[in-house]
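Let me begin by presenting the structure, written as structure tokens, before commenting on it.
Just follow the structure's listing: the first ligand is 1, and inside any ligand the first atom is 1. Not measured: the values here are computed from a predicted model.
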Amino acid sequence: MSITLKTADEIEKMRAAGRLGAEVLEMIAEYVVPGVTTEELDARCHEFMINTQKTIPAPLNYHGFPKSICTSVNHQVCHGIPSHKTLKKGDVVNIDITVIKNEFHGDTSEMFVVGEASILANRLIETTQKALYLGISMVKPGVKLGDIGHAIQTFAESKRYSVVREYCGHGIGRVFHEEPQVLHYGKPGTGITLEEGMTFTIEPMINAGKRHVKVLSDDWTVVTKDRSLSAQFEHTLAVTANGFEIFTVRNNETIEPTYIPPEHFSS
Ligand code: MF3
Ligand code: CO
Ligand code: CO
């Protein structure tokens, strides 16, 4: 399969699915507190998606994934499986939501701090969100994916963090994961050239320590090999005639769906 360019009608459906994905994160935020289990968060999101939104939780049974959301705590990088384990004060957790509405996917994730977190954790989270915004701000027709990967990598490494290589952003639409692969590292001037109508995610995973990861024996949970903290944010977006449109913006984000000059990210 090659890259699918979405029609105006398909973009409208992506917009709706993206908003619903963001709405699940907005809904769950107040429940991410000390003592809650990630299974309880999963159950609440599942119930909300099925009964309130009438969306389908895409992760459930996806290649055998057993739950409706991914919850990745502390040194877990991604694809954490909700469990009976409780969150405690100082934990940081990524919640990754993918909904399907009218056949189209909206995929988005956010970091949550449980109670309050260390200065180190907060700094990693802030840098990771800025790395996502930096990548997004570069999206417009004519730009190459390698330019975006390079910018994200350079920014993360300038903060002495590392970028996970094994997992990447992806084309998305009727299919959860489609072409292209959106790497969060790379060389300028390489990779495919963006065109209006492409829809994909950007979802950098940034580690406080080394970049290397491994998959636990549950066959899903990805963790840092050195057990250092890892953070991730994800948005689903489209390439528009002059830039981008983010489909999964939340009401706790100040980001404007317009170009953000790279200077903004230099500190
Ligand atoms: N939402 C993840 C992504 O950003 C994929 C999760 S697949 C699952 O691509 F099976 F782990 F749920
Ligand atoms: Co994704
Ligand atoms: Co996701």
- request: Taking the Co ion (ligand 2) as the reference point, name the nearest N/O/S atom of Glu203.
  value: OE2

- prompt: For ligand 1, which atoms sit closer than 4.0 Å to a heavy atom of Phe176?
  reply: 1 (N), 5 (C)

- prompt: Closest N/O/S atom of Glu234 to the Co ion (ligand 2), by atom name?
  reply: OE2

query: Would Leu60 and Phe176 show up in the same hydrophobic cluster when neighbours are defined by side-chain heavy atoms closer than 4.5 Å?
result: no

query: Think Arg19 forms a cation-pi with Phe247, using NZ or CZ under 6.0 Å from the six-ring centre and within 45 degrees of its axis?
result: no

- prompt: Does Arg44 count as lying over the ring of Tyr31, i.e. NZ or CZ under 6.0 Å from the six-ring centre, within 45 degrees of the axis?
  reply: yes

field: atom 2 (C) of ligand 1: nearest protein contact (heavy atom, Å)
entry: Asp96 OD2, 3.4 Å

message: Counting only heavy atoms from other residues, nucleotides and ligands, does the tally under 6.0 Å from CD of Gln181 exceed 12?
response: no

query: Using the benzene-type ring in the case of Trp, are the ring centres of Phe65 and His79 under 6.0 Å apart?
result: no

field: Taking atom 7 (S) of ligand 1 as the reference point, the nearest protein heavy atom with its distance
entry: Tyr62 CD2, 3.8 Å

- prompt: Do any of the N/O/S atoms of His170, backbone or side chain, fall under 2.8 Å from the Co ion (ligand 2)?
  reply: yes

field: Arg250/Glu23 ion pair, N-O < 4.0 Å
entry: no

message: Only heavy atoms of Cys70, strictly under 4.0 Å: list the atoms of ligand 1 that pass.
response: 6 (C), 11 (F), 12 (F)

message: For atom 3 (C) of ligand 1, what's the nearest protein heavy-atom neighbour? Residue, atom name and distance, please.
response: Asp107 OD2, 3.4 Å

message: Quick check on contacts: which atoms of ligand 1 are under 4.0 angstrom from a heavy atom of Pro59?
response: 12 (F)

- request: With heavy atoms of Glu203 as the reference, note each atom of ligand 1 found under 4.0 Å away.
  value: 3 (C), 4 (O), 9 (O)

- prompt: Which ligand 1 atoms, with their elements, are less than 4.0 angstrom from a heavy-atom of His177?
  reply: 3 (C), 5 (C), 9 (O)

- prompt: What does the angle at the Co ion (ligand 3) come to, between atom OD1 of Asp107 and atom OD2 of Asp96, rounded to 10°?
  reply: 150°

- request: Look at Arg174 together with Glu103 and state whether they make a salt bridge at an N to O cut-off of under 4.0 Å.
  value: yes

task: Taking only heavy atoms of Trp220 into account, list the atoms of ligand 1 that are under 4.0 Å away from them.
output: 8 (C), 10 (F), 11 (F)

field: Test log, rule side chain to side chain donor-acceptor pair (under 3.5 Å), inputs Glu178 and Thr4
entry: CA-CA 9 Å; Glu178 62 183 28; Thr4 60; 2.8 Å; yes

message: Could you tell me, atom by atom, which parts of ligand 1 come under 4.0 Å of a heavy atom of Thr98?
response: 1 (N)

query: Hey, does His63 sit under 4.0 Å from ligand 1 if you only count heavy atoms?
result: no

message: Between ligand 1 and His170, can you find any atom pair, the residue atom being a heavy atom, that is separated by under 4.0 Å?
response: yes

message: If we check side-chain contact (heavy atoms from CB on, under 4.5 Å) with Ile95, which of these qualifies: Asp42, Val24, Leu25?
response: Leu25

message: Evaluate Lys67 against His46 for side chain to side chain contact (heavy atoms under 4.5 Å, CB included), listing each step before the verdict.
response: CA-CA 9 Å; Lys67 295 287 183 180; His46 179 91; over 6 Å; no

